[in-house]
Every structure is written in structure tokens, then in C-alpha cells.
Amino acid sequence: MRKYLVSLFFISTISALDLASIKRMYTVATTEAADIQFDIVDPGALLIECSAACDSGWKYWNSSCYQKFNDAGTFANAVTSCEALGAQLVKISSSDENEALRKEFDSNVVVGEAKQTWIGLQYSSGSWQWVADGSTPSFTNWAPTEPSSSASGMCAQMITDTMQKAAYLFERGGWKTYSCDNTSSSYICKKNAN
Ligand SMILES: *[C@@H]1O[C@H](CO)[C@@H](O)[C@H](O)[C@H]1NC(C)=O
Ligand SMILES: *[C@@H]1O[C@H](CO)[C@@H](O)[C@H](O)[C@H]1NC(C)=O
């Protein structure tokens, strides 16, 4: 029996994006002598283009729209810039959401920590809190040895690019602390879908 292995992005419906990764073998009868087998791999959560739900430049996932801005600034600058767009510095609530962002925004280059990406998490009044709603995170994705400093004045970055620091080399998508007043080269805004 001949086999045709075909990898397809399984994005025909939004709800399919929220499923855990699955791998199924489909067999299709044909007029050829042998059946054709399709190996369909669900890549898991992905941001997608959806002009009905998100304005130009923003990408959709789970009723929200996301955009990464490559503008250097402090954490406070990033918060203000997102708010000016009717959005908020991103709050990340699940590993699916974190993975969708990592896959979308990983630029696949090796850079230092000043080039990583602000997310909307800061240490305030004795705990880590999302700026979007003041809640303490139920989901976290700290990189190994992080949070290295939980103290006022500390904020969080996502490692969207490979880090030069050896401990972080394979920790794309992981979170790390960074001084809120330091300049980070990018940030991710999130807003409700239309
Ligand atoms: C989808 O969005 C809702 C509403 O914000 C949130 O409560 C839920 O955790 C999100 N789902 C995932 C898998 O992150
Ligand atoms: C702030 O940035 C400086 C210069 O890049 C760096 O040496 C320092 O470690 C950073 N501080 C924190 C707390 O991340």
C-alpha cells in the first residue's frame, strides 16, 4: 500500500484551534489501486488573520486580537501605548495562549534581554499582578531560575527570541523579570475582538 503523508494546518474552525495537539490518520478511498493516507497534524493554538474580528495589523485568537509593536520603551511606556490603541499590555491566561503568542512572535534570532518583549505582568503591593485587571496570575510560564527577583519595580518579559544567556537558550515563550524602568525593545498589546 502506498502512503502519501500530507501535513495540513488544521484551521478550518476556530474551536479546532483550542484543542490540544492531536494527530490522526485519515484514510481516503480512491479510484487508484491503493488508498491514500493523510497524516493531519494539528499545530495547536495559532493566531490567525480574521478581518471580520480584528483590525488590520492585529491577529485573532479566542475572542481577542493581538499585535506586537517593535517600539523600545519602559514597561510604563508599553502600558500607555497599548491603552492609546484601546488595548492593554497583554494578559496571558493559559499555555495555549502563551504558545500562540510564542509561535507568532518568535523572530528566530539570538538577542540580549533588552530585546525581549514586555507582557502586562508587574510586581506590585507584594505580588505579581496583571495590569489589565489587577489579578494575580493563575497561569505562569516562568523560565528556569525565574522569577529571579520578585520586588517592587520588577516587571515581566516574554522570551520571544532566543536569549544569549545560556540558561535561557531553549526557553522561548518563557517569562523573565526585568526592571520596569529598563528599556525593552517590544511589547504585545491585546484587545477584545470586534
Ligand atoms: C479564552 O478567553 C476567555 C475570556 O477571556 C478566558 O477566560 C479563557 O481562559 C481563554 N481560554 C484560554 C484557553 O486561554
Ligand atoms: C537593566 O538594564 C541594564 C542594561 O542593559 C542591565 O545591565 C540590568 O541588568 C537591567 N536591570 C534589570 C533589573 O533587569
Side-chain angles (χ1 to χ4, degrees), residues 10-11 13-22 42-48 50 53-54 58-67 71-78 82 86-105 110-124 128-168 171 173-194:
F10 192 64
I11 56 170
T13 66
I14 300 303
S15 61
L17 297 177
D18 297 334
L19 297 174
S21 291
I22 54 167
D42 181 349
L46 292 173
L47 302 190
I48 60 169
C50 183
C54 296
W58 298 74
K59 283 195 157 184
Y60 177 87
W61 184 76
N62 186 32
S63 303
S64 291
C65 304
Y66 303 82
Q67 186 168 179
D71 299 329
T74 64
F75 183 85
N77 295 152
C82 290
Q88 286 176 308
L89 194 55
V90 66
K91 173 187 174 182
I92 303 170
S93 300
S94 65
S95 60
D96 275 358
E97 185 174 15
N98 201 73
E99 273 298 281
L101 297 172
R102 181 193 65 76
K103 281 181 272 190
E104 181 68 28
F105 298 126
V110 180
V111 296
E113 62 184 346
K115 298 273 188 180
Q116 303 301 333
T117 301
W118 289 125
I119 58 173
L121 187 63
Q122 67 179 345
Y123 196 86
S124 177
W128 285 97
Q129 296 178 5
W130 293 112
V131 288
D133 57 11
S135 63
T136 52
S138 48
F139 165 79
T140 58
N141 197 46
W142 295 112
T145 75
E146 296 288 341
S148 54
S149 173
S150 291
S152 290
M154 296 307 295
C155 289
Q157 297 171 310
M158 181 189 280
I159 302 171
T160 45
D161 305 288
T162 304
M163 284 198 55
Q164 285 154 349
K165 201 169 169 181
Y168 298 123
E171 297 304 331
W175 305 350
K176 62 176 291 299
T177 61
Y178 202 50
S179 171
C180 304
D181 292 330
N182 268 13
T183 294
S184 196
S185 65
S186 56
Y187 54 91
I188 298 169
C189 299
K190 173 182 179 180
K191 62 180 181 177
N192 291 336
N194 298 327

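Note that ligands are numbered from 1 as they come in the structure, with each ligand's atoms numbered from 1 the same way. Note that these values count all heavy atoms, side chains included, but never hydrogens, waters or copies made by symmetry.
Side-chain N or O atoms of Q88 include none that pairs as donor or acceptor with a backbone N or O of V90 at under 3.5 Å.
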Residues N98, M158; criterion side chain to side chain contact (heavy atoms under 4.5 Å, CB included); working and verdict: CA-CA 9 Å; N98 201 73; M158 181 189 280; 3.1 Å; yes
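Note that atom 7 (O) of ligand 2 has no protein non-hydrogen atoms nearby, at separations under 4.0 angstrom.
Between N62 and ligand 1, a contact under 3.5 Å exists for at least one N or O pair.
At least one side-chain heavy atom of T160 sits under 4.5 Å from a side-chain heavy atom of Q116. Residues L101 and W61 fail the side-chain proximity criterion, which asks for heavy atoms closer than 4.5 Å.
Residue contacts with ligand 1 for F139 are absent, since no atom lies close enough (heavy atoms, distance under 4.0 Å).
From the protein, the heavy atom lying nearest to atom 3 (C) of ligand 2 is N182 ND2, 3.5 Å. Looking only at protein heavy atoms, the nearest one to atom 9 (O) of ligand 2 is E113 OE2, 4.0 Å. Annotation: atom 13 (C) of ligand 2 to nearest protein heavy atom, S179 CB, 3.4 Å. In terms of protein heavy-atom proximity, atom 14 (O) of ligand 2 is closest to Y178 CD1, 3.1 Å.
The W61 neighbourhood of ligand 1 comprises atoms 12 (C), 13 (C), 14 (O), with distances under 4.0 Å to a heavy atom of that residue. Residue S94 approaches ligand 1 through these ligand atoms, each under 4.0 Å from one of its heavy atoms: 12 (C), 13 (C), 14 (O).
Ring pair F75/W118 is perpendicular by interplanar angle, where above 60° counts as perpendicular and below 30° as parallel. Note: F139 and W175 have perpendicular aromatic rings, judged against thresholds of 30 and 60 degrees for the angle between ring planes.
By the side-chain contact (heavy atoms from CB on, under 4.5 Å) test, A156 pairs with I119, L121, W128, W142, sequence neighbours left out.
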